[in-house]
K.L.:
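Provided herewith is a single structure, encoded as structure tokens, for subsequent inquiry.
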Amino acid sequence: MTTPDARSGTGRPAELFFEDLVPGLTVDLGVVTVDADEMVAFARRFDPQWYHVDSDLAAASRHGGLIASGFYTVSLFMRAYVDHLLSRAAADASPGLEELRWLAPVRAGDRLAVRVDVMGARPSTARPGLGTVSLTGTMLRLGPDDRPEQEVLRTRFRGWFAVRPVEADPAEVEVQAEAEVEAEAEATDADQPEVDQPDPGPTAGDPSTVGSSDSGSTASSGSPEAQRPD
């Protein structure tokens, strides 16, 4: 029986499976540019600390201007992870993360190179049919020449990914189909009621009928012995 097509993290058919995410693999997640308005809007909504939202106070501080909320930065990482890996992979939920570090301030206009490295992979003991993949994600600020200048974020986490579906052998499928047909036919025959057969009546070779016939024949016989007076 064929396993149904696995879905990627965005719902499309998956092309990458647990077996493809081998230790040592590095996946380029592209480059994201920090948008000033989005950065501040996120901070006002979710992390309204003064060095994220008050440009005057931030400029007069050791930060020298507004810096992004760390959770905004990790959200940028997550979006790149979905766009460039989970959109292709048979991804399930994540059991959690072990590390999340903000290593340097992020500012509006920064260009951040994003990547993940596969650190380990093993079949899941909690979720049969899935594998647990250990990943390290990083974001590096790029300079004007597009060379990495500084690492600004690092995270270590785990993800569940479906194992590759196994296609059934056509010969096995045919044998199984034939077996199912035979089993169904046997079940149908077993369900049929028994039909009573008509009684054929006595036969010439039945001793019980022979004795009864001889007795009657003797009583009505016209032989001399039967007509002799006592």
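What you see is a predicted model, and the numbers here were worked out from it, not measured in a lab.
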K.L.:
Given 3.5 Å as the limit, does a donor-acceptor pair link the side chain of W102 with the main chain of G70, or not?
P.N.:
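Looks like yes, one N/O pair under 3.5 Å.
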K.L.:
Can you label the angle between the F42 ring and the F46 ring as parallel, tilted or perpendicular, going by 30° and 60°?
P.N.:
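Rings of F42 and F46: tilted, 30 to 60°.
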K.L.:
Any non-hydrogen side-chain atom of D20 less than 4.5 Å from a side-chain atom of F161?
P.N.:
no
K.L.:
Which pair of heavy atoms, one from S8 and one from L86, lies closest together, and at what distance?
P.N.:
CB-O, 3.5 Å
K.L.:
CG/D54 to OG/S61 distance, rounded to the nearest 0.5 angstrom?
P.N.:
9.5 Å
K.L.:
Transitive ILVMFWY cluster of L130 at side-chain heavy atoms under 4.5 Å: who else is in it?
P.N.:
W160
K.L.:
Give the cluster check for M139 versus V74: same hydrophobic cluster or not, with ILVMFWY residues linked at side-chain heavy-atom distances below 4.5 Å.
P.N.:
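In one cluster: yes.
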K.L.:
Might you point out which heavy atoms bring F17 and A6 nearest each other, and give the distance in Å?
P.N.:
CE2-CB, 3.7 Å
K.L.:
Apply side chain to side chain contact (heavy atoms under 4.5 Å, CB included) to residues L76 and E38 and explain how you reach the verdict.
P.N.:
CA-CA 11 Å; L76 293 178; E38 184 181 69; 4.2 Å; yes
K.L.:
Check whether any side-chain heavy atom of L85 lies under 4.5 Å from a side-chain heavy atom of L16, and answer yes or no.
P.N.:
yes
K.L.:
Would you indicate whether the side-chain heavy atoms of L112 and V106 approach each other to under 4.5 Å?
P.N.:
yes
K.L.:
Once ring-ring contact (aromatic ring centres under 6.0 Å, His included) is applied, do any residues pair with H84, and if so which ones, sequence neighbours excluded?
P.N.:
none
K.L.:
Side chain of H52, backbone of I67: donor and acceptor closer than 3.5 Å?
P.N.:
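It does hold such a pair.
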K.L.:
Under 4.5 Å between side-chain heavy atoms, hopping through other hydrophobics if needed: is there a path connecting Y72 to L66?
P.N.:
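Yes, because Y72 and L66 connect within a single hydrophobic cluster, where side-chain heavy atoms sit under 4.5 Å apart.
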K.L.:
Measure the shortest side-chain to side-chain distance between F18 and S124 over non-hydrogen atoms and say whether it is less than 4.5 angstrom.
P.N.:
no
K.L.:
Which heavy atom in G109 sits nearest to a heavy atom in T33, and how many Å separate them?
P.N.:
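Minimum heavy-atom contact is O-CG2, 4.2 Å.
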K.L.:
Do L29 and V116 have side chains that approach each other closer than 4.5 Å (heavy atoms only, starting at C-beta)?
P.N.:
yes
K.L.:
Check whether any side-chain heavy atom of L103 sits under 4.5 Å from a side-chain heavy atom of L153, and report yes or no.
P.N.:
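The answer is no; the side chains never approach within 4.5 Å.
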K.L.:
Is there a path of hydrophobic side-chain contacts, each under 4.5 Å between heavy atoms of I/L/V/M/F/W/Y residues, joining L97 to V152?
P.N.:
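V152 and L97: one cluster.
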K.L.:
Report whether V34 and L142 are members of the same hydrophobic cluster (ILVMFWY, side-chain heavy atoms less than 4.5 Å apart, transitive linking).
P.N.:
no
K.L.:
To the closest 0.5 Å, what do you measure between CZ (R115) and CG (L135)?
P.N.:
12.5 Å
K.L.:
Of all heavy-atom pairs between A80 and V32, which one has the smallest distance, and what is that distance?
P.N.:
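Minimum heavy-atom separation between A80 and V32: CB-CG1, 4.5 Å.
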K.L.:
For the residue pair Y51 and H63, does the interplanar ring angle fall in the parallel (under 30°), tilted (30 to 60°) or perpendicular (over 60°) class?
P.N.:
tilted
K.L.:
For R122, which residues count as a salt bridge (Lys or Arg N to Asp or Glu O under 4.0 Å) partner, sequence neighbours excluded?
P.N.:
none
K.L.:
Kindly work out whether a path of hydrophobic side-chain contacts (I/L/V/M/F/W/Y, heavy atoms less than 4.5 Å apart) joins L140 to F157.
P.N.:
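No, L140 and F157 fall in different hydrophobic clusters.
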K.L.:
Just how far is it from atom OG of S69 to atom CZ of R44, taken to the nearest 0.5 Å?
P.N.:
13.5 Å
K.L.:
By salt bridge (Lys or Arg N to Asp or Glu O under 4.0 Å), which residues pair with E15, not counting sequence neighbours?
P.N.:
R88
K.L.:
V82 versus T10: any side-chain heavy-atom pair under 4.5 Å?
P.N.:
yes
K.L.:
Which residue pairs satisfy the salt bridge (charged side-chain N to carboxylate O under 4.0 Å, His left out) criterion with at least one member in residues 146-158, sequence neighbours excluded?
P.N.:
E98-R158, E99-R156, R111-D146, D145-R147, E151-R154
K.L.:
Could you tell me which non-hydrogen atom of A121 sits nearest to which non-hydrogen atom of P23, and how far apart they are?
P.N.:
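Nearest pair, atom of A121 first, then P23: N-CG, 4.1 Å.
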K.L.:
Just checking, any donor-acceptor pair under 3.5 angstrom between side chains of T136 and D117?
P.N.:
no
K.L.:
Quick one: ring pair (Phe, Tyr, Trp, His ring centres under 6.0 Å) pairs with a partner in residues 125-151, sequence neighbours left out?
P.N.:
none
K.L.:
Which heavy-atom pair separates E19 from R164 by the least distance, and what is that distance?
P.N.:
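Where E19 meets R164 most closely, the heavy atoms are OE1-N, 2.9 Å.
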K.L.:
Between D28 and G30 (side chain of the first, backbone of the second, donor and acceptor by atom type, cut-off under 3.5 Å), is there such a pair?
P.N.:
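Looks like yes, one N/O pair under 3.5 Å.
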K.L.:
Just so I know, are the side chains of R141 and P148 near enough to count as touching, which here means a heavy-atom distance under 4.5 Å?
P.N.:
no
